[in-house]
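Have a look at the structure below, then the notes.
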Amino acid sequence: MPAHWLIKSEPSVYPFSQLMQDGRTRWDGVRNFEARNNLRAMKAGDLCLYYHSVEDKAVVGVAEVVRPAYHDPTARKGEDWSVVDLKPLKPFAAPVPLADIKATRALSKLALLRRPRLSVTPVSAADFKLLLKMGRTTST
DNA sequence: GCCAACGTTGGC
DNA sequence: GCCAACGTTGGC
């Protein structure tokens, strides 16, 4: 059973469409201890909801972890940060806006709502499934 | 080890 | 563009 996560990116920095074009990317630049620890808990095959912060404020797709955590080559010398490699899986047929997530009682425990500044958060299997459904994206 | 100051994030 | 929230840093 793969675990589920939600990762955030500002679309002006690295949108999901760019991940689609690239086919694969190194998820670098995470500089928060808790987010880093979440990255380190990821396994190949885990599924990540891709959330666009700031400009879109919507979940826009699903990505898959293709390489588990390794040292972030963009970290300053001596600093201990991690990255994973991701590939795009599916764009949402209907992006799910933050406002809809907030309006959905069943999602009230979602870490995105409770820890809005954390860039890598775990998602329960049930919440993941519901968000896929809200995004009208059936299979991964 | 506490806590004030600072920087960053991200919703509004 | 503003500002609240919060993680991090550094002086004491």
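- Distances shown here put every side-chain N or O of A/Arg115 at or beyond 4.0 Å from the OP1 or OP2 atom of C/dA5.
- At whole-Å resolution of the value, CG in A/Leu118 and P in B/dT9 are 13 Å apart.
- Rounded to whole angstrom, the span from the CZ atom of A/Phe33 across to the C1' atom of C/dG7 amounts to 10 Å.
- Distance A/Asn32 CG to B/dT8 P: 14 Å, rounded to the nearest Å.
- A salt bridge between A/Asp80 and A/Arg40 is present, with a side-chain N of the basic residue lying under 4.0 Å from a carboxylate O of the acidic one.
- Atom-to-atom, NE2 of A/His52 to P of B/dG11 comes out at 13 Å; the value is rounded to the nearest Å.
- Within the 4.0 Å cut-off from OP1 or OP2 of B/dC12, at least one side-chain nitrogen or oxygen of A/Lys102 is found.
- A straight line from CZ of A/Arg114 to P of B/dT9 spans 24 Å, rounded to a whole angstrom.
- An OP1 or OP2 oxygen of B/dG10 is reached within less than 4.0 angstrom by a side-chain nitrogen or oxygen of A/Lys8.
- No side-chain donor-acceptor contact under 3.5 Å links A/Arg117 and A/Ser53.
- Residue A/Arg117 contributes atom CZ, which lies 14 Å from atom P of B/dG7 at whole-angstrom precision.
- For B/dG11, the OP1/OP2 oxygens have a side-chain nitrogen or oxygen of A/Tyr51 closer than 4.0 Å.
- The distance from atom CD1 of A/Ile7 to atom P of B/dG10 is 13 Å, rounded to the nearest whole Å.
- Under 3.5 Å, the side chains of A/Asp85 and A/Trp27 contain no donor-acceptor pair of N or O atoms.
- Residue A/Asp80 contributes atom CG, which lies 16 Å from atom C1' of C/dT8 at whole-angstrom precision.
- A donor-acceptor contact under 3.5 angstrom links the side chains of A/Gln18 and A/Asp22, judged on distance only.
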